[in-house]
Participant: 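Next up is a structure, given as structure tokens.
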2 protein chains.
Amino acid sequence: MASRRSKAPAPGVPLGETLVAAGLAPELAEPLVAMPHKVVEVDPRRPFREPGVPRDEVMFVRSGILSKFKTDPAGRRQIVALRFPGEGILPHAGRTDYGIQAIVRSEVMIGRAEDFDPIVEAHPDMQRFFWRLIRRHEAIGYEWLVNCGRRDSIGRVAHLLCETAARMHVGSGRLNNPFTQQQIADITGQTSVNVNRVFADLERQGLIKRHGREIQFKDWAEIRRVASFQPGYLEA
Amino acid sequence: MASRRSKAPAPGVPLGETLVAAGLAPELAEPLVAMPHKVVEVDPRRPFREPGVPRDEVMFVRSGILSKFKTDPAGRRQIVALRFPGEGILPHAGRTDYGIQAIVRSEVMIGRAEDFDPIVEAHPDMQRFFWRLIRRHEAIGYEWLVNCGRRDSIGRVAHLLCETAARMHVGSGRLNNPFTQQQIADITGQTSVNVNRVFADLERQGLIKRHGREIQFKDWAEIRRVASFQPGYLEA
DNA sequence: CGGTTGTTTGAACTGATTCAATCTGTGTGG
DNA sequence: CCACACAGATTGAATCAGTTCAAACAACCG
């Protein structure tokens, strides 16, 4: 019953719009989109940026989803953060400890740190904007720690689904689930086998209905409860 | 065989020094320590700051250790971050999703956001300094996610011990372990019962030796391997 | 069609939890 | 100085959630 991701990325919304939607004042978005940059198409689950390399570049997701990941010496992979359209990965002076891969085929705008940093420094409002975004990602990271540390496997998957629905701005209705079960396992610290069983469970309990990759929430209140999903942390 | 934390906090090192030790230029530390503030003694494992409350204050740890925590609706607690001496918790515009408690008796310097923000905005170098600190805490958070998501219980505890030794600047020798087993459980997403068994295991394997709370690393290389501890992420 | 990637299912196993009891060290007050 | 209370550490037994290994199945692609 597996369905495939669409082969083309979602229509490339202009970056400026997505940034403004994320809360940046329109006149501030302008110098950012005017910054010299290239746009790259990134294939899912292929090496894109390896860990341990210095990265003096900014990237913003225009469409698709990027993930930051780390790999244990034993080879087990853990995804530690996601970036949805309009979100970005800021420059990193020293060596980075994480790698980057796309979850689905994505369009990414890449600029150089030496172009980006002066722009931010020149606009205190933009500093505050990025400050707020960092804080939001921090809050999400904390929530993920609670997820991995304290919830059982059903709660973890349910929570990820709720969060994803919220971050993709689909309400409590249908979610076009972008993840493979392996990726969900890598995010929630489990095995893909178990993720599969959890999905079957959720469906058997009548909380969701699946048509291929698409997920329909049949009982939003109850799945929120199972996930103990309190969306407050997502509002910067 | 339990020993108690010393009843007095570690001698209150001047904040300026600890900030400089953390990499801040001495002339930049000055306006920070000159900022109007109060110094508070915080008792361990007592309510200090509750989640869900706006917090327009900065705090810097002068001695002891602070923890940020979240609590699941089911009442299970997860510690999501630690702050050692010289480290701080920056102001938070909206409602905070986490609470704050001390791990051991701590001295904390508390200032107001409205005093702190202008100082930072006036000094680009200080912005870069805090930027780097944020990045470091982000990296630690990612490593914690790997810890909770991908390591077994021995690896988790061993990793926390290694990280703590590094952050407290004790080399590979003796660590005056500041945590109760319950706190270690709350950090690593386990039960205190299991943490206890892990400690017994580590000792039986000859990796550590315990005298009350004090831990002596008998085989640093091997415990690093067990923990898959790569300290690179700690260097901002 | 054959190759690849992702999903699904079963059976055996194991690491960690739960519950409950006991033990140890520390501090307090009589 | 002893009795007592308290917090934390330790141990055992039963249980269970999640892993591991292995195999089959489905969908898509060239």
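So you know, we letter chains A, B, ... as the sequences are listed, proteins then strands, and number each from 1.
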Participant: Can you list, by residue number, the residues of residues 178-187 of chain A that have a non-hydrogen atom closer than 4.0 angstrom to DNA chain C?
Facilitator: A:T180, A:Q181
Participant: Give the dot-bracket string for DNA chain C, reading 5' to 3', where a pair is Watson-Crick or G-U wobble with both distances under 3.5 Å, ( ) marks pairs inside the strand, [ ] marks pairs crossing earlier ones, | marks a partner on another strand, and . marks unpaired.
Facilitator: ||||||||||||||||||||||||||||||
Participant: Near DNA chain D, which residues from residues 190-204 of chain A have a heavy atom under 4.0 Å away?
Facilitator: A:Q190, A:T191, A:V193, A:N194, A:R197
Participant: Salt bridge or not for A:K209 and A:E203, using N-O below 4.0 Å?
Facilitator: no
Participant: Please check if the side chain of A:D152 supplies one atom and the backbone of A:G155 the other of a donor-acceptor pair under 3.5 Å.
Facilitator: yes
Participant: Look up atom OG in B:S106 and atom CZ in B:R83, then write down how far apart they are to the nearest 0.5 Å.
Facilitator: 13.0 Å
Participant: Among residues at least two apart in sequence or on other chains, which ones pass salt bridge (Lys or Arg N to Asp or Glu O under 4.0 Å) with B:E50?
Facilitator: none
Participant: Output the rounded distance in Å from CD1 (A:I103) to C1' (C:dT5).
Facilitator: 15 Å
Participant: Taking DNA chain D as the partner, which of residues 149-160 of chain B come within under 4.0 angstrom of it by heavy atom?
Facilitator: none
Participant: Under 4.0 Å between a side-chain nitrogen and a carboxylate oxygen: does that hold for B:R49 and B:E57?
Facilitator: yes
Participant: Answer with yes or no whether the side chains of A:Q78 and A:Y98 bring together a donor and an acceptor at under 3.5 Å.
Facilitator: no
Participant: Side-chain N or O of A:R210 less than 4.0 angstrom from OP1 or OP2 on C:dT8?
Facilitator: yes
Participant: With the threshold set at 4.0 Å, does a side-chain nitrogen-carboxylate oxygen contact exist between B:R76 and B:D186?
Facilitator: no
Participant: Kindly indicate, with the supporting measurements, whether the criterion salt bridge (Lys or Arg N to Asp or Glu O under 4.0 Å) is fulfilled by A:D56 and A:R112.
Facilitator: CA-CA 6 Å; A:D56 29 17; A:R112 283 179 307 167; over 6 Å; no
Participant: Rounding to an integer number of Å, can you tell me how far A:R213 CZ sits from C:dT5 P?
Facilitator: 14 Å
Participant: Check salt bridge (Lys or Arg N to Asp or Glu O under 4.0 Å) between A:E87 and all other residues, then give those that pass, not counting sequence neighbours.
Facilitator: A:R136, A:R167
Participant: Working note: A:D97 + A:K70, criterion salt bridge (Lys or Arg N to Asp or Glu O under 4.0 Å); need CA distance, chi angles, decisive distance, verdict.
Facilitator: CA-CA 7 Å; A:D97 50 329; A:K70 299 189 80 167; 3.3 Å; yes
Participant: Report the distance from atom CZ of B:R105 to atom P of C:dG27, rounded to the nearest whole Å.
Facilitator: 14 Å
Participant: Just checking, any donor-acceptor pair under 3.5 angstrom between side chains of B:E143 and B:N147?
Facilitator: no
Participant: Do we see a donor-acceptor contact under 3.5 Å between the side chains of B:Q101 and B:R77?
Facilitator: yes
Participant: With distance as the sole test, does A:R150 use its side chain to make a donor-acceptor pair with the main-chain N or O of B:Q190 at under 3.5 Å?
Facilitator: yes
